[in-house]
Amino acid sequence: MTCCETSKEKRDGLLFLDTAKLSEIEKYLKLGLLDGVTTNPTIMKKDGVVGGFSAIRGRTIEIAKMIYPRPLSVETASPEGNKEELLDQAREFSSWGTNINVKVTFTTQKGEPNTDVIAQLTKEKISVNATAMMSISQCFLAAKTGAEYVSIFLGRVANMGYDPSEETRKLRKLLDRTGLPAKIIAASSREAFNVIEWFMAGAHIVTVTPDLLKPCIDHPYTRETVAMFDGDAANWLQEWRDSVI
Ligand code: E4P
């Protein structure tokens, strides 16, 4: 099963985890809450994957196996904007697992477009997650060149003074209208509320750090209510436990 086949089965309402921490991935996988994982060089470094290229390869393969057939994004890098280097990295990363998709920044740090890289990888049937995008125009162009995922960094968009939900609504409308099959990854989440807010706005996928997922789950009033149910079940629970021994 390829990465693309897997992700096309279910296209909307998907929750990805923005982490390279195996313990967090395992936890949310077991909880049935994880649809995929996104990483980037900063996440890898922050999460302790610092042993050079072999460490990146090792952790990537480990995560890919752990979450299979769910997709995993791994990011390419070339500070000089060397296209051949990006292509070679992408080919190598994608060979590590059929559920791996390759992140390519939409432009280089000097603003040169990487749309040719995205188009070439798409031609080679390598799934691309076009990343570090801050505008609908960038996402639209990445989708046009064949990116399977378009990652818009909505937390950063908000920091620039734009309404992230409004941008997402427009982007979703544009993709639906043009029939481009790219899936919107709402990235760069900053608050727990972003998950619902961005799904409601039209993101197919929201990627969150494990820290932001915790407040989406735990609620003091839920705890209190469960304690009430547990207390009132006391009159039959012991009898049931004795009966199943
Ligand atoms: C995910 O794909 C992105 O790389 C990530 O959400 C970026 O988050 P940041 O804006 O906190 O760096």
Side-chain angles (χ1 to χ4, degrees), residues 3 7 11 13-21 24-25 28 33-49 56 59-60 63-64 67 70-79 86 89-90 93-94 97 99-109 114 117-118 121 126-136 138-139 142-143 147-165 167-168 171 182-199 201-216:
C3 169
S7 44
R11 192 168 181 263
L14 300 171
L15 197 58
F16 286 6
L17 214 52
D18 221 3
T19 189
K21 280 190 193 148
E24 297 285 6
I25 294 168
Y28 288 103
L33 293 173
L34 186 137
D35 297 308
V37 170
T38 45
T39 66
N40 63 36
T42 306
I43 291 171
M44 288 284 195
K45 193 173 161 192
K46 181 173 65 71
D47 290 347
V49 191
I56 295 290
R59 182 65 62 93
T60 300
I63 298 173
I67 67 168
R70 298 163 190 81
L72 164 65
S73 292
V74 189
E75 189 160 328
T76 52
S78 178
L86 291 174
Q89 275 175 31
F93 295 175
S94 71
N99 56 334
I100 291 174
N101 61 78
V102 178
K103 274 187 171 181
V104 177
T105 58
F106 181 72
T107 72
T108 65
Q109 47 175 290
N114 278 327
V117 175
I118 298 169
L121 292 172
I126 291 173
S127 170
V128 176
N129 177 348
T131 194
M133 293 190 287
M134 310 292 159
S135 73
I136 306 174
Q138 291 178 325
C139 293
E148 180 177 1
Y149 302 96
V150 288
S151 287
I152 181 158
F153 282 27
L154 293 178
R156 295 181 191 238
V157 168
N159 284 339
M160 291 182 289
Y162 296 94
D163 176 350
S165 292
E167 296 307 294
T168 307
L171 177 58
K183 293 176 278 280
I184 303 168
I185 300 186
S188 184
S189 49
R190 297 285 183 262
E191 295 165 341
F193 178 61
N194 293 154
V195 178
I196 299 306
E197 189 183 24
W198 295 345
F199 274 132
H204 300 99
I205 298 155
V206 176
T207 188
V208 279
T209 57
D211 277 354
L212 287 190
L213 213 45
K214 283 175 197 134
C216 294

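As a basis for the values below, the full set of heavy atoms in this structure was taken, side chains included, without hydrogen atoms, waters or symmetry mates. Counting starts at 1 for both ligands and their atoms, following the listed order. Index from 1, following the sequence.
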Any donor-acceptor N or O pair under 3.5 Å, side chains D18, T209: no

Is there side-chain contact between T38 and K103, with at least one heavy-atom pair below 4.5 Å? yes

Non-hydrogen side-chain atoms of V206 and N194 separated by less than 4.5 Å: no

Around ligand 1, what residues show up once you keep those with a heavy atom under 4.0 Å from it? D18, T38, N40, K103, F153, R156, A187, S188, R190, T207

side-chain contact (heavy atoms from CB on, under 4.5 Å) against A64, all qualifying residues, sequence neighbours excluded: L72, N99, I100

Can you name the side-chain hydrogen bond (donor to acceptor under 3.5 Å, both in side chains) partners of D163, sequence neighbours left out? none

For R190, side-chain hydrogen bond (donor to acceptor under 3.5 Å, both in side chains) partners two or more places apart: S188

